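Only one structure is covered here, and it is reproduced in the block below.
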Amino acid sequence: MRNQIIAAFAALSCAVAAAESVKPSGPCAFVDPFIGTAGTGHTSPAACVPFGLVQAGPDTGNGDWEHCSGYSYGDKAIHGFSQTHLNGTGCPDLGDVRILPFVSESAPESVPYDKASESAKPGFYAVTLAGGVKVEISATARCAIYRLSYPKGARCRLLVDPRWCITRGRTPGSCIQFCDVAPDGKTGVSGKVVVNNWVKRTYAFKMEFCRPFSSERDLVFDFGASQGEPLVVKVALSALGGVSDAERNLAAEIPDWDFGRVASAADGKWSELLSRVDVEGSDDQKRNFYTSLYHLFVQPNDISDSGRQPYYSTLSTWDTFRAAHPLYTILVPEVVPDFVRSMQRQGEFTGYLPIWTLWGRDNQCMIGTHSVPVLVDAYLKGFEGDWESVYAQIKETLTKRHEGRIKERWDLLDRHGYYPYDVVRSESVSRTLECAYDDWCAAQMAAKLGREEDAKFFLRRSGNWRNVLDPSLGLMRSRDSKGKWRDPFDPSAVGYGEGYDFTEGNSYQYTWHVMQDPDGLVSALGGRDAFVDKLDALFERPEEMKGDVLDVTGLIGQYVHGNEPSHHVIYFYTLVGERDKAARRIRDVFDRFYLPKPDGLCGNDDCGQMSAWYVFSALGFYPFNPCGGTYVLGAPQVPKAAIKLAGASLRDARGRVGDATLPGDCKTLTIIANNLSAENKYVKSVTFNGKPLDKTIEHADLMAGGELVFEMAGK
């Protein structure tokens, strides 16, 4: 009798699940998850919710740079559907628990698919595979749900492959060190997996089927001949616990089999978040804008289990400290305190604050410790936090040697004032410059906390950029431990790692990496006029490099928009009084490097940083120095935008994104670009609440609400 009840309930549940998912409306209707899935964008169309652990979607390739997210738009076949994906990175990982529905006698390596059938929107992905299996996917924070519709009469088979992983230069399963998986009776499968790829991590999963399978062999499940009803599959992950934690996550987030409910809830979470900005413009402008917001909110990812304090990872801080994190402080301030606590927790685990964390592990693949500017920015903007403890971690991170940390030598910095290339044989100039910026941020926090000696120490070290600026060339250049400049020296030489002085760039790009002291750099390069000439030359040089780095893309001369060290450079023009040149270059970047099509991004989206640049620049201001809350004015690219500002009431409530709406009395920041057109791309004047502005605007003023008005004109 009990089995009959279970079977009847399962059949009813599957029928309920067949309800069509909701159609997107409002901002969600303009999001195109396929933007950036071809070329160098490395985004994924996987279904997810904002900041969720799970991104469930297709894998069309593996083992190379083109498939860092597991998906490339032009591929003709799908290897399967896995539950986690990276968004826009330059290194592959994740791809946990692949499943592949099929109707053939044996499990294929991949299945061709009907490109015309493929669709995606926030929280939803669908495609029809060869053989007629329709796959629909939605997600919650820690779970995925699949609705698999097999042709009537066809054999319903499903491969479950926990040994799959998205890797580079290796076979797909070679990074799995341990895999303990077994079916749970006749209605599911669970297991625990240890992966050693970009980082070494452990996860557990629980999978349930809406009806029992008739047979199973080598994790290929046979559900018999299709009677026309869909097979619904639920998958839950736990990044920190075991199978029991994954089971609890599934019970908490998808307790039933209602696919439509999950898809509708995901759409609602995205709609609430994206609706915080109401932007006007053409349909293409809205597609670019809202897709950029969507990519921004895919990560950081909360790797905690349901009901636990959030623990955010996927912190690509070398990229995201520049614009993504400052944008979070404006659009989603309620999650910023949890970002802070997560970085503290990560620092307690490793002994140093985050560099590039994935699933609670630091891969250290980049340079600097740019969680420091993120933390100090939150402190200076008045967010809640245990700031005395945070500062202690910052000081410890930036002054003490840490076991296992591969790119710190504070003794060399303190002895020489730079990293000597004959001692530090990789990225010596870039590391000197990026560490100097972190030191400047630490100095600001130390000063505000009353740590005067610390403030002096860090401020002095923040001037180390001067020690790698060759005044005879006006370019950043490496020096050896005796103080001699590298000779021969080629400023166009680009590289990364051992034997190179720069990180994913060259001297032409890194010469401008002094966000903390723009006036000092102007003076060091000969004063305003000489500085402007040198800046002009950057954009007018031949678009050629000596060397080959896949991440160096999106060139205008030697300006590289496809990689992050160049992102602030255009805004130097505003600071030196050349607002028209800033407007011209911003429009050039928009027209060339942000297009609403699969290969429309000029470089890796890098966990939302490329998208954050777009959003800020479309609105007309940018965090040139991303720590402290001063924004440099640019030239808006949309005619009007209204931002709902989440104030202190929402921040103090510590509501979760998508689980609470903005308070009814929240303030609004309205940005207007009067007379904006293809010809009228230059800024004639700027006012905020009727008062004229020249070069900058402060975070506190923006968050108080009001009208930021740009009067646009042609030449």
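Basis for what follows: all heavy atoms, side chains included, without hydrogens, waters or symmetry-related copies. In this text, all values refer to a predicted model and were calculated from it rather than measured experimentally.
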Side chains of [X] and [Y]: closer than 4.5 Å at any heavy-atom pair?
X	Y	answer
Val390	Val340	yes
Val193	Phe178	no
Thr167	Pro92	no
Trp465	Cys435	no
Trp359	Leu240	no
Val195	Tyr203	yes
Leu331	Phe297	yes
Tyr391	Leu449	yes

| How about Phe321 and Tyr437: are their ring centroids closer than 6.0 Å? | yes

| query | Can you check whether Tyr631 and Phe616 have ring centres sitting under 6.0 Å from each other? | reply | yes

Please determine if [X] forms a cation-pi arrangement with [Y], meaning its NZ or CZ atom is less than 6.0 Å from the six-membered ring centre and no more than 45° off the ring axis.
X	Y	result
Arg345	Tyr311	yes
Lys192	Phe205	no
Arg322	Trp318	yes

| Parallel, tilted or perpendicular: ring planes of Trp198 versus Trp356, cut at 30 and 60 degrees | tilted

If every non-hydrogen atom of [X] is compared with every non-hydrogen atom of [Y], which pair is closest and at what distance?
X	Y	result
Thr432	Asn464	CG2-O, 3.9 Å
Arg308	Ser304	O-OG, 4.0 Å
Gly608	Asn87	N-ND2, 4.2 Å
Ala236	Ala246	CB-O, 3.3 Å
Asp454	Ala446	CB-CB, 3.9 Å
Cys607	Thr89	SG-CG2, 3.8 Å

Between atom [atom1] of [X] and atom [atom2] of [Y], what is the distance when rounded to the nearest 0.5 Å?
X	Y	atom1	atom2	result
Cys68	Asp605	SG	CG	13.0 Å
Leu53	Phe51	CG	CZ	14.0 Å
Thr369	Gln393	OG1	CD	12.0 Å
Gln55	Asp96	CD	CG	9.5 Å
Arg461	Asp414	CZ	CG	5.0 Å
Gln177	Asn196	CD	CG	4.5 Å

| said: Holding to side-chain contact (heavy atoms from CB on, under 4.5 Å), I want the full list of residues that pass it with Pro45, two or more places apart in sequence or in another chain. | reply: Pro33, Phe34, Thr37, Pro58, Tyr71, Ala120, Tyr125

Is [X] reaching over with its side chain to a backbone N or O of [Y], donor-acceptor style, under 3.5 angstrom?
X	Y	result
Arg361	Val199	no
His85	Gln83	no
Tyr290	Val277	yes
Asn467	Gly417	yes
Tyr571	Phe621	no
Ser371	Pro354	yes
Asn604	Asp606	no
Asn249	Ser306	yes
Ser292	Val615	no
Asn301	Ile303	no

| query | Should we count NZ of Lys407 as having more than 12 external heavy atoms under 6.0 Å? | reply | yes

| query | Taking atom CZ of Arg401 as the centre, does the number of heavy atoms from other residues, nucleotides or ligands within less than 6.0 Å exceed 12? | reply | yes

| request: Flag the pair Arg341 and Glu384 as a salt bridge only when some basic side-chain nitrogen lies within less than 4.0 angstrom of an acidic carboxylate oxygen. | output: yes

Just by distance, with hydrogens left out, do [X] and [Y] show a side-chain donor and acceptor under 3.5 Å apart?
X	Y	value
Asp362	Thr350	no
Gln364	Tyr352	yes
Ser190	Lys206	no
Gln346	Ser313	no
Tyr614	Gln609	no
Glu427	Thr503	yes
His325	Asp377	no

| said: The test is salt bridge (charged side-chain N to carboxylate O under 4.0 Å, His left out); show your working for Glu253 and Arg248 and say whether it passes. | reply: CA-CA 9 Å; Glu253 295 185 1; Arg248 283 191 289 271; over 6 Å; no

| task | Run the numbers on Phe458 and Trp440 for ring pair (Phe, Tyr, Trp, His ring centres under 6.0 Å), then give the verdict. | result | CA-CA 6 Å; Phe458 284 120; Trp440 182 87; over 10 Å; no

| task | Run the numbers on Thr630 and Glu698 for side-chain hydrogen bond (donor to acceptor under 3.5 Å, both in side chains), then give the verdict. | result | CA-CA 5 Å; Thr630 296; Glu698 297 300 315; 3.0 Å; yes

| Lys644 and Glu272: CA distance, side-chain angles, deciding distance, salt bridge (charged side-chain N to carboxylate O under 4.0 Å, His left out) verdict | CA-CA 11 Å; Lys644 298 174 184 176; Glu272 189 279 321; over 6 Å; no

| query | Do Cys175 and Cys165 have their SG atoms under 2.5 angstrom apart? | reply | yes

| message | Assess the residue pair Arg276 and Glu334 against the criterion (salt bridge (charged side-chain N to carboxylate O under 4.0 Å, His left out)); give the C-alpha distance rounded to whole Å, side-chain angles, the decisive distance to 0.1 Å, and a yes or no. | response | CA-CA 13 Å; Arg276 294 189 182 188; Glu334 71 272 26; 2.8 Å; yes

| task | With side chain to side chain contact (heavy atoms under 4.5 Å, CB included) as the test, would you mind laying out the steps for Leu375 and His370 before giving the verdict? | result | CA-CA 9 Å; Leu375 292 167; His370 293 326; over 6 Å; no

| query | Stepwise, does the salt bridge (charged side-chain N to carboxylate O under 4.0 Å, His left out) test hold for Asp93 with Arg201? | reply | CA-CA 11 Å; Asp93 204 328; Arg201 58 191 175 86; 3.6 Å; yes

